[in-house]
Structures are given as structure tokens and as C-alpha cells.
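Just below is one structure, and these are the notes that go with it.
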Amino acid sequence: MLSDIPYKNLLDKGRKYDVWMLRDVYNNTFADIAREYRVSVSTIVSDYEKILFLKTKYYINHLSIVQGYENTAHFRKIWWSAFDCYCGIKYVVTYFEKEYADILKEYRNGEPGMPDEMIQALPPLRSKFNKRVISNIIYLRETEGLTYAAIGKRLRVTKEKANNLYNHYYHDLYFQLSERIMNITGDMDLRDKYQKAFHVGNGKKQYDCLVEDYPELCENFLKGEKEK
């Protein structure tokens, strides 16, 4: 049996809640907040993300009770769909506040939610992104030289999702190409050096490095990809 959690409990989280207020309600930068508290920016970002995760936990619990569910499974599924679509916890919070505005406004009992401009600018929730969207991201990034933020506005996705789709595309190509090279050269440890050299999410850099290191072996593969 679910028990409701008062939203005001979030206010007892000390600096974490204050960081969220300073960031999203009063529009301070993470760097400004870090200077005020005399801690690192990474610490402030961690506080910010932790309070947003907790906020969604409260929201999911409350919505499940209000809508008569025995557990939180329904809204946890929505949480994962939103996170996959937007690639950022602040967008997940914004999505819930937009989709269930009246319920959550009453639940907050006078405490602020996400800014109206964030709610209005939130892209639609999507479960799939087709090849055309990905091709457009690659074109806008590599031919027009747009930032991920500009690409996101153009294509109605978040800048984080534009980055994610761009690098995921090259990550897939990197795996296909490295598999081909390993089969030809017999070097089954080939991927290790690229995985150690680049952080997760840098699919494009891994791919570019591989192409630079094995230009002749990559040529036919790349030609085939362009003809698809």
C-alpha cells in the first residue's frame, strides 16, 4: 500500500533544495552557486540532479496514489520513456509538471515548480527517432556547424538528445567498422585502446580515430555506408 509523501519534505534537504531554487527559479549558473557555497561545480551539479531525482520520486508516488494505482510501476514506466526521450532529469521533471499540472501544483502547496518558459519550450515526448531525424542532426552538425542547442531547437529535441543521437550513430558505425578490422587483422584487442582513450558518449571521436588509424581498411566500408 502506497503512502503519500508530503512535498514539503523536499525543503528539508538543505543545500540540495536551495541549489534547485537558485538554478531553476532564480536562474543562477552552476558556477555562481558553487562560488556562493565555496564548493566545486561538480558538487553543485550533483546536488541539483539528486534533488530532481528525489522530486520525480515524490511525483511518481503521489500521482500513483491520486490515480488509484497499487504501486508506482505505471509512472515509473513513463519516467523511463521521458528520460530516454529527453536525456536529462530536469526535462523529466518538466514533463511531469506539464502533463499533470493541476495535480502537482496542488501537491506542491504553494512551492514553485519548473519555470513556465521551460514547460512551454519542452519538446514533445517521443518514443522513437527515425533515420531522417538522425541524418538531419548529422547534416546540421557537420555541414552547417550548428551547436547541439541550435540543432535541438530546429528539430524539436533537447540539446542532450541531439548529442546522444549524434554520438550513438557514430558509436554504431565504430562497432561495425572495428568488427570488420578485427576480422581482417586478427587483433581482437583492438577496441581496448579506443575505449580507454575516450569516455563513454564520445562515439564520434572513437570512430574518427579508427578511420585515421586504418584508412585503407575503412575505405570500402565507408563507401558502402554512403551509398545506403
Side-chain angles (χ1 to χ4, degrees), residues 45 49 52 56 76-99 114-115 117-185 187-188 190-228:
V45 171
E49 292 182 346
L52 289 182
T56 57
R76 279 191 285 110
K77 185 177 180 180
I78 294 173
W79 189 102
W80 281 111
S81 296
F83 192 82
D84 181 66
C85 174
Y86 301 122
C87 290
I89 185 63
K90 68 178 179 180
Y91 302 112
V92 178
V93 174
T94 304
Y95 174 78
F96 274 106
E97 292 187 4
K98 181 177 184 177
E99 192 69 14
M114 290 304 219
E117 55 267 27
M118 283 188 66
I119 291 174
Q120 293 168 6
L122 186 72
L125 183 66
R126 301 163 69 175
S127 59
K128 293 182 179 180
F129 295 85
N130 59 34
K131 291 182 179 180
R132 183 175 180 182
V133 172
I134 296 169
S135 295
N136 284 337
I137 290 173
I138 294 168
Y139 173 79
L140 293 172
R141 181 69 176 168
E142 297 182 359
T143 303
E144 295 197 8
L146 298 186
T147 64
Y148 291 119
I151 293 170
K153 288 181 180 179
R154 181 84 64 91
L155 301 181
R156 294 284 287 149
V157 299
T158 65
K159 64 180 181 181
E160 291 85 352
K161 189 62 179 182
N163 185 326
N164 173 267
L165 290 172
Y166 179 81
N167 277 287
H168 185 71
Y169 170 80
Y170 280 105
H171 179 74
D172 284 347
L173 281 184
Y174 160 77
F175 259 80
Q176 294 174 44
L177 187 52
S178 60
E179 187 72 25
R180 174 188 174 91
I181 293 172
M182 286 190 296
N183 288 336
I184 293 173
T185 64
D187 181 8
M188 296 298 107
L190 179 142
R191 285 183 184 143
D192 288 347
K193 66 177 181 180
Y194 298 103
Q195 290 173 341
K196 291 176 182 177
F198 301 106
H199 295 297
V200 174
N202 285 327
K204 180 63 162 66
K205 290 183 178 179
Q206 287 180 321
Y207 175 79
D208 286 344
C209 189
L210 193 66
V211 172
E212 183 178 346
D213 290 345
Y214 300 91
E216 294 180 1
L217 295 179
C218 296
E219 186 176 354
N220 290 335
F221 175 85
L222 296 176
K223 182 178 179 181
E225 286 298 313
K226 290 179 180 178
E227 292 175 351
K228 287 182 179 180

Stepwise side chain to side chain contact (heavy atoms under 4.5 Å, CB included) check, L122 with M118: CA-CA 6 Å; L122 186 72; M118 283 188 66; over 6 Å; no
Set of residues satisfying side-chain hydrogen bond (donor to acceptor under 3.5 Å, both in side chains) with respect to [X], sequence neighbours excluded:
{"X": "T158", "answer": "none"}
{"X": "R154", "answer": "none"}
{"X": "Y86", "answer": "none"}

State the [atom1]-[atom2] distance between [X] and [Y], to the nearest 0.5 angstrom.
{"X": "K128", "Y": "K131", "atom1": "NZ", "atom2": "NZ", "result": "12.5 Å"}
{"X": "N167", "Y": "D172", "atom1": "CG", "atom2": "CG", "result": "11.0 Å"}
{"X": "T94", "Y": "I119", "atom1": "OG1", "atom2": "CD1", "result": "6.5 Å"}
{"X": "L210", "Y": "L177", "atom1": "CG", "atom2": "CG", "result": "4.5 Å"}
{"X": "K204", "Y": "L173", "atom1": "NZ", "atom2": "CG", "result": "10.0 Å"}
{"X": "L146", "Y": "K159", "atom1": "CG", "atom2": "NZ", "result": "14.5 Å"}

Applying side chain to side chain contact (heavy atoms under 4.5 Å, CB included), can you list everything that pairs with T185, at least two apart in sequence or on another chain? I181, D187, L217
Taking all non-hydrogen atoms of both residues into account, name the closest pair between [X] and [Y] and its distance.
{"X": "P124", "Y": "C85", "answer": "O-SG, 3.8 Å"}
{"X": "T56", "Y": "V93", "answer": "CG2-CG2, 3.4 Å"}
{"X": "R156", "Y": "R126", "answer": "O-NH1, 4.0 Å"}
{"X": "C87", "Y": "K161", "answer": "SG-CD, 3.6 Å"}
{"X": "V157", "Y": "P123", "answer": "C-CG, 3.7 Å"}

Are the side chains of I78 and F96 in touch, meaning some heavy atoms are under 4.5 Å apart? yes
Evaluate the criterion side chain to side chain contact (heavy atoms under 4.5 Å, CB included) for residue pair R141 and I151; output intermediate values, then yes/no. CA-CA 7 Å; R141 181 69 176 168; I151 293 170; 3.8 Å; yes
Output all residues satisfying ring-ring contact (aromatic ring centres under 6.0 Å, His included) with F83, sequence neighbours left out; order by chain, then residue number. W79
For F129, enumerate each residue passing the ring-ring contact (aromatic ring centres under 6.0 Å, His included) test, keeping only those at least two apart in sequence or located in another chain. none
Indicate yes or no for a side-chain donor-acceptor contact from [X] to the backbone of [Y] under 3.5 Å, with no hydrogens or angles considered.
{"X": "N183", "Y": "E179", "value": "yes"}
{"X": "D84", "Y": "W80", "value": "no"}
{"X": "S178", "Y": "F175", "value": "yes"}

Before giving the answer on side chain to side chain contact (heavy atoms under 4.5 Å, CB included), spell out for Y139 and E144 the whole-Å C-alpha distance, their side-chain angles and the decisive distance to 0.1 Å. CA-CA 7 Å; Y139 173 79; E144 295 197 8; 3.3 Å; yes
Going through the checks in order, is the side chain to side chain contact (heavy atoms under 4.5 Å, CB included) test met by L155 and L140? CA-CA 10 Å; L155 301 181; L140 293 172; 4.1 Å; yes
Should Y170 and Y207 be marked as a ring pair (Phe, Tyr, Trp, His ring centres under 6.0 Å) after you check the CA-CA gap, both sets of side-chain angles, and the distance that decides it? CA-CA 6 Å; Y170 280 105; Y207 175 79; 5.1 Å; yes
Would you find more than 12 non-hydrogen atoms of other residues, nucleotides or ligands less than 6.0 Å from K98 atom NZ? yes
Test side chain to side chain donor-acceptor pair (under 3.5 Å) applied to Y148 and E160, step by step: CA-CA 7 Å; Y148 291 119; E160 291 85 352; over 6 Å; no
